[in-house]
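Down below is the structure, laid out as structure tokens.
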Amino acid sequence: TFMFPGQGAQHFGMGAGLYETEPVFREAVDHCADILEPVIGLDLREVLYRRDADEANAILQETRVTQPALFVTEYAMAKLWFSWGIRPSAMIGHSVGEYVAGCLAGVFTLDEGLALVAQRAKLVQAQRPGTMLAIRKPEAELLPFLADDIDVAAVNSPALTVVAGDFGAIESLERKLKEQGIVAKRLRTSHAFHSHMMDPVVNPFTEILSEVELKQPTIPYVSNVTSDWISDEEAVDPSYWAGHVRQTVRFADGIGRLL
């Protein structure tokens with residue numbers, strides 16, 4: 001199984017050793033970076049490998065850069081494994097990581113995948129900032145603590161749930177959890193992903209996706225939204241991919257399905 005992480009996993013220097021030593025990885029990154037540079041207004045290679053680490057990490061916190069950088073790194077790593085004759089019988093991605101799975105499965109081409117991730121990131125970046133909180137608590141036990149303006153953004157394991165909302169709502173929740181002795185930690189994100197704060201992204205992104213000829217997947221992968229194998233109908237439905245930015249990432253259930 002190939003597994004592709006989502007936002008929050010990014011850091012300066014990710015893949016640097018592979019870029020220096022593995023021609024297949026380097027060629028994939030170079031190709032993607034050249035395509036993306038006029039779209040995102042910077043050279044990803046500069047940010048990932050060449051700048052001052054603190055400056056680069058600050059840039060990598062910007063969603064418009066983060067998501068393309070993760071997509072490119074994960075795609076290049078997969079192509080490297082492919083070149084060694086290692087191909088997945090199944091895949092799963094976390095949030096934006098599912099776009100890498102979709103690309104490798106042939107749902108959209110590399111050029112289309114890069115354009116979609118860049119436009120998705122740009123739309124998300126334009127939304128009101130928010131924050132996310134990882135909590136050591138099963139989803140069902142956490143729900144009574146949540147106000148209407150906080151959403152379950154991700155279920156990463158049976159006892160680790162991520163919620164998202166605006167700063168005031170999350171700060172209020174943090175105080176309640178602390179009073180109960182429940183461990184929680186803020187995530188390194190610029191926005192409240194997979195929450196109601198992403199609602200304005202859905203319609204314009206659906207329109208963008210409607211212009212892409214989505215195809216049925218050739219490699220099975222597990223959906224974040226349904227935590228089941230992606231169906232042909234879902235894979236080719238623009239509303240599935242657009243709603244993906246808003247829906248809860250049901251990663252723990254997805255891993256259960258893989259197992």
Side-chain angles (χ1 to χ4, degrees), residues 3-19 29 32-33 35-77 93-100 113-135 150-154 156 160-171 173-174 184-201 205 224 244-246 248-249 251:
M3 302 169 64
F4 303 104
Q7 198 154 344
Q10 73 279 356
H11 60 86
F12 172 72
M14 62 179 179
L18 294 175
Y19 187 82
V29 171
C32 293
I35 293 171
L36 283 168
E37 186 168 4
V39 180
I40 63 176
L42 53 79
D43 185 340
L44 278 179
R45 292 161 292 195
E46 287 289 330
V47 179
L48 288 173
Y49 312 132
R50 299 167 189 157
R51 294 204 181 191
D52 172 78
D54 290 339
E55 179 189 7
N57 279 322
I59 295 171
L60 282 170
Q61 295 306 309
E62 298 179 27
T63 295
R64 69 179 186 87
V65 179
T66 309
Q67 294 188 6
L70 284 168
F71 181 97
V72 170
T73 302
E74 294 167 17
Y75 174 82
M77 190 172 291
H94 191 290
S95 189
V96 71
E98 188 167 323
Y99 279 75
V100 186
L114 290 168
L116 287 172
V117 168
Q119 290 176 94
R120 179 185 191 263
K122 186 178 180 181
L123 286 167
V124 170
Q125 182 83 41
Q127 304 312 308
R128 189 160 55 94
T131 190
M132 304 178 76
L133 191 67
I135 305 163
I150 295 178
D151 295 294
V152 175
N156 287 335
L160 181 60
T161 307
V162 177
V163 298
D166 67 30
F167 293 101
I170 295 296
E171 286 168 6
L173 175 62
E174 280 179 314
K185 181 183 179 182
R186 291 276 187 110
L187 299 185
R188 293 182 301 157
T189 61
S190 57
H191 292 73
F193 305 118
H194 300 283
S195 77
H196 66 280
M197 296 180 74
M198 294 295 107
D199 284 343
V201 172
F205 197 38
N224 281 175
H244 187 276
V245 73
R246 167 66 177 91
T248 302
V249 177
F251 191 71

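The closest side-chain heavy-atom distance from Leu42 to Leu36 is not below 4.5 Å. Side-chain contact between Ile59 and Asn57 is absent, with no heavy atoms from C-beta onward closer than 4.5 Å. Contact of the Leu60 side chain with the Arg51 side chain is not registered, since no non-hydrogen atoms from C-beta on lie closer than 4.5 Å. A heavy-atom distance below 4.5 Å is found between the side chains of Val152 and Thr161. When side chains are defined from C-beta on, Val249 does not count as touching Glu98, because their heavy atoms never get closer than 4.5 Å. Side-chain contact between Lys122 and Val39: absent, with no pair of heavy atoms (C-beta onward) separated by less than 4.5 Å. Put simply, the side chain of Met197 reaches to within 4.5 Å of the side chain of Arg128, judged on heavy atoms. With contacts defined as side-chain heavy-atom distances shorter than 4.5 Å, the pair Phe251/Met3 qualifies.
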* To do: Please step through side-chain contact (heavy atoms from CB on, under 4.5 Å) for the pair Arg45 and Tyr19, ending with a clear verdict.
  => CA-CA 10 Å; Arg45 292 161 292 195; Tyr19 187 82; 3.5 Å; yes
* Start with the C-alpha gap between Thr63 and Gln7, add the side-chain angles, then the distance that decides, and say whether side-chain hydrogen bond (donor to acceptor under 3.5 Å, both in side chains) holds. => CA-CA 8 Å; Thr63 295; Gln7 198 154 344; 3.2 Å; yes
* To do: Could you go through the side-chain contact (heavy atoms from CB on, under 4.5 Å) check for Ile135 and Leu173 one step at a time?
  => CA-CA 11 Å; Ile135 305 163; Leu173 175 62; 4.2 Å; yes
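In this structure, CZ on Arg186 lies 5.5 Å from CD on Glu171, to the nearest 0.5 angstrom. With rounding to the nearest 0.5 Å, the separation of CG in Asp166 from NE2 in His191 is 12.5 Å. The CG atom of Leu48 sits 10.0 Å away from the CD atom of Gln10 when rounded to the nearest 0.5 Å.
At distances below 3.5 Å, at least one donor-acceptor pair connects side-chain atoms of His194 with backbone N or O atoms of His244. Within the 3.5 Å criterion, the main-chain N or O of Leu123 finds no donor-acceptor partner in the side chain of Gln125. In this structure a side-chain-to-backbone donor-acceptor pair under 3.5 Å is missing from Arg120 to Phe205. Here the side chain of Thr248 pairs no donor or acceptor atom with the backbone of Ala154 at under 3.5 angstrom. Listed for the Asp199 side chain is no donor-acceptor partner under 3.5 Å among the backbone atoms of Arg246.
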Show me the donor-acceptor pairs within less than 3.5 Å that the side chains of residues 68-75 make with the rest of the protein, sequence neighbours left out.
{"residue": "Thr73", "atom": "OG1", "partner": "Ala69", "partner atom": "O", "Å": "2.9"}

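In this structure, Phe12 and Val47 approach most closely via the heavy-atom pair CD1-O, 3.2 Å. Taking all atoms of both residues into account, the shortest heavy-atom contact from Ala134 to Leu187 is CB-CD2, 3.9 Å. Nearest heavy atoms, Gln61 versus Thr66: C-OG1, 3.6 Å. Between Ala9 and Pro5, the closest heavy-atom pair is CB-CB, 4.0 Å. For the pair Asn224 and His94, the tightest heavy-atom approach, listed with the atom from each and the gap, is OD1-C, 3.6 Å. The two atoms that bring Met14 and Tyr49 nearest to each other are O-CE2, 3.5 Å, heavy atoms only.
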